[in-house]
Amino acid sequence: MPAITVPDIMVLPRLPRPTEPTRERPVRSISTAQKQREGAGFEVRRPFPSMDLRSADPFILLDQMGPVAYEPHEAKGAPWHPHRGFETVTYMLDGTMVHHDSNGGGGVISEGDTQWMTAGSGILHDEVPPEELVASGGWFHGVQLWVNLPRALKMAAPRYQDLRGSELTLVSSHDGGALVRLIAGEIGGFAGPGSTYTPIAYAHASLSAGGQLETRWPQQFTAMAYVLSGSGTVGAERRPIGEGQLAVFGRGDSITVSADARQHDHTGDLEVLLLGGRPINEPVVQYGPFVMNSRAEIIRAVEDFQAGRMGNIPAEHVAGKHLGA
C-alpha cells in the first residue's frame, strides 16, 4: 500500500495535539463491512450503507476495492453507467484505474491519486483496470466514497477534479508517529485540495506500530474511522478495531485512533480512513446509481437516462452501456 509516502516524516508540519478544554468524541458503534460483488463482478467491502449503519449523512456509500493480487485476465471494472444527485470520490492506494465520462473528463488514476466526479444533474462514466493490469495481473487497492448533494445542488452541472497524489496535504501527528494525507476539508488547521459542495473532511492516515493520532475534529461534522488494514483502538475508551471495521464517533471536538504495538499487515502500519461531514438532513431515496430526495425524482432520473439526457458514450467507447451501480 504505497499511496503517497515521504522519506522522513519528521520534516512534515504537525497536527497540534488537542489541549484543554476539549471534549473527546466517544465511540458510538463499531461495525464490520459486508462483502459483495459490484460492477462486472469485482468484490468490495462495504461498511455503509448496511443493517448496522443505514445512514452516514452526508455520505451515501463507502466501498473498499481490494487489496487483491489479480491473476492475468482476472481484473474487472465497472462498465459504462449513469449517476445523478451526488459525487463519487475514488482514491487509489495500489495499482491504477482508468476513468472516462460523457462530459470529457477522466484519465488514469494512479497510486495516491484521487478522482473526484460531481455527477450532479447526470453523467455517464466507466471505471476499468488498464489493459496492462488485465493482461499481466498485479496488485489493486482503491476506495470509492459517495458524497451526497443537498436538494439545491442535486442538478448542479457535472464537473471533474483530478487530484494527483503530490497535491495532497501531508502532515504528521504531534509525535511524528502517523502520516496523514488530507484529501479534502480541514483537520487540525490543515486543509486538503479537494473542492467540495458538501462540507466534509476526508483523510488517509498511516499509524506506525504503537503510534497514536489525536486531533481536533469539526464539532458540526459527523466523524468516522474505517480500517483499511492493521489493528488498533479508537476513542479514549480504547475500543478494539481491525481490518474492515468502521467506528462511528459521537459528539465532541476531538478524536483518537491508536495502533497496536504489533501490526500484521504488509505495510506494518495501521491504515485508516478518517471521514465526516456536515449532515444534510434531507430525505434520501436511492435507486442504484441515482440518489435523490423523492421517488418522483428517481423516476425522472431513469427516464432522463433512457432518453439520453445524461449524455452519450463517446464513439470510441460505445460498447457496454447499461444501468449499473
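Just so we're clear, the structure is a prediction, and the values are computed from it rather than from any experiment.
Here the side chain of Q263 pairs a donor or acceptor atom with the backbone of S231 at under 3.5 angstrom. Using a distance-only test at 3.5 Å, with no hydrogens or angles considered, a donor-acceptor pair links the side chain of D57 to the main chain of N281. Not one N or O on the side chain of S208 forms a donor-acceptor pair closer than 3.5 Å with the backbone of G211. Remark: the backbone N or O of L149 is paired with a side-chain donor or acceptor of K154 at under 3.5 angstrom.
Counting heavy atoms from C-beta on, the side chains of L12 and L179 come closer than 4.5 Å. For the pair V143/T90, no side-chain contact is recorded, criterion being any heavy-atom separation below 4.5 Å from C-beta on. Side chains of Q161 and S195 form a contact here, defined as non-hydrogen atoms less than 4.5 Å apart. Side-chain atoms of L270 and D260, non-hydrogen and from C-beta on, never get closer than 4.5 Å to each other. Contact annotation: the side chain of V89 approaches that of V147 to within less than 4.5 Å [non-hydrogen atoms, C-beta and beyond]. Looking only at side-chain heavy atoms (C-beta outward), V180 and L213 come within less than 4.5 Å of each other. Using a 4.5 Å heavy-atom cutoff, the side chains of W217 and S254 are not in contact. Between I123 and P82, every side-chain heavy-atom pair lies at or beyond the 4.5 Å cut-off.
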Inset, instruction - Please test H99 against H125 for ring pair (Phe, Tyr, Trp, His ring centres under 6.0 Å), starting from the C-alpha separation and ending with a verdict. - result: CA-CA 7 Å; H99 167 262; H125 81 145; 5.1 Å; yes

Legend entry - E87 and W116: CA distance, side-chain angles, deciding distance, side-chain hydrogen bond (donor to acceptor under 3.5 Å, both in side chains) verdict: CA-CA 7 Å; E87 300 181 288; W116 198 302; 3.2 Å; yes

Inset, instruction - Report the C-alpha separation of H83 and F290 in whole Å, then their side-chain angles, then the decisive distance to 0.1 Å, and conclude whether the ring pair (Phe, Tyr, Trp, His ring centres under 6.0 Å) test is met. - result: CA-CA 5 Å; H83 286 304; F290 306 131; 7.9 Å; no

Legend entry - R84/E297 under salt bridge (charged side-chain N to carboxylate O under 4.0 Å, His left out): CA gap, chis, key distance, verdict: CA-CA 10 Å; R84 171 179 281 182; E297 290 171 336; over 6 Å; no

Inset, instruction - Step by step, work out the side-chain hydrogen bond (donor to acceptor under 3.5 Å, both in side chains) result for R181 and H204. - result: CA-CA 5 Å; R181 308 161 185 85; H204 168 207; 3.3 Å; yes

Inset, instruction - Applying side-chain hydrogen bond (donor to acceptor under 3.5 Å, both in side chains), run through T267 and D269 and close with a yes or a no. - result: CA-CA 5 Å; T267 71; D269 293 334; 4.6 Å; no

Inset, instruction - Please lay out, stage by stage, how Q245 and T32 fare under the test side-chain hydrogen bond (donor to acceptor under 3.5 Å, both in side chains). - result: CA-CA 4 Å; Q245 291 191 306; T32 300; 3.2 Å; yes

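Within 6.0 Å of CZ in R251 there are 12 or fewer heavy atoms belonging to other residues, nucleotides or ligands. The number of heavy atoms from other shown groups lying within 6.0 Å of CZ (R238) does not exceed 12. In the displayed structure, Q36 atom CD is contacted under 6.0 Å by more than 12 heavy atoms of other residues, nucleotides or ligands.
Under a hydrophobic clustering in which Ile, Leu, Val, Met, Phe, Trp and Tyr are joined whenever their side-chain heavy atoms come within less than 4.5 Å, directly or via other members, L246 and L145 fall into the same cluster. Note: the hydrophobic cluster containing V44 does not contain M117 (ILVMFWY, side chain heavy atoms under 4.5 Å, direct or indirect links). Hydrophobic clustering of Ile, Leu, Val, Met, Phe, Trp and Tyr side chains at less than 4.5 Å, counting indirect connections, keeps Y91 apart from L274. Taking hydrophobic clusters as Ile, Leu, Val, Met, Phe, Trp and Tyr residues chained together by side-chain heavy-atom distances below 4.5 Å, M310 shares a cluster with V285. Following chains of ILVMFWY side-chain contacts shorter than 4.5 Å, one cannot reach I280 starting from M292, and the two form parts of different hydrophobic clusters.
Scanning both residues, L163 and G194, for their nearest heavy atoms gives CD1-CA, 3.8 Å. In terms of heavy-atom proximity, A56 sits nearest to M224 at CB-CE, 4.0 Å. The nearest pair of heavy atoms linking F221 to I200 is CE2-C, 3.5 Å. When every heavy atom of I4 is checked against every heavy atom of G112, the shortest pair comes out as CG1-CA, 3.8 Å. Here the closest non-hydrogen pair linking N312 and S102 is O-CB, 3.3 Å. Here the closest non-hydrogen pair linking I241 and A225 is CD1-O, 4.1 Å.
Remark: R295 fails to qualify as a cation-pi partner of Y287 under the 6.0 Å distance and 45° angle criteria applied to the six-membered ring.
Residues R45 and E243 are paired through a salt bridge, judged by an N-O separation under 4.0 Å between the basic side chain and the carboxylate.
Of the inter-residue distances, the one linking I60 atom CD1 with F86 atom CZ reads 8.0 Å to the nearest 0.5 angstrom. Between atom CG of residue L93 and atom CG of residue L228 there is a gap of 6.0 Å, rounded to the nearest 0.5 Å. Once rounded to the nearest 0.5 Å, the distance linking CE of M97 with CD of E127 reads 5.5 Å. From L275, atom CG reaches atom OG1 of T222 across 7.5 Å, with rounding to the nearest 0.5 Å. D304 contributes atom CG, which lies 6.5 Å from atom CE of M155 (distance to the nearest 0.5 angstrom). From L273, atom CG reaches atom OH of Y226 across 8.0 Å, with rounding to the nearest 0.5 Å.
Partner of D253 under the side-chain contact (heavy atoms from CB on, under 4.5 Å) criterion, out of Q220, E24, R216: R216 alone. Each of Q64, E38, Q144 was evaluated against R46; a single residue qualifies, E38, per the side chain to side chain donor-acceptor pair (under 3.5 Å) test.
At a cut-off of 3.5 Å, with distance as the only test, a side-chain donor of E271 or S206 sits close to an acceptor on the other residue.
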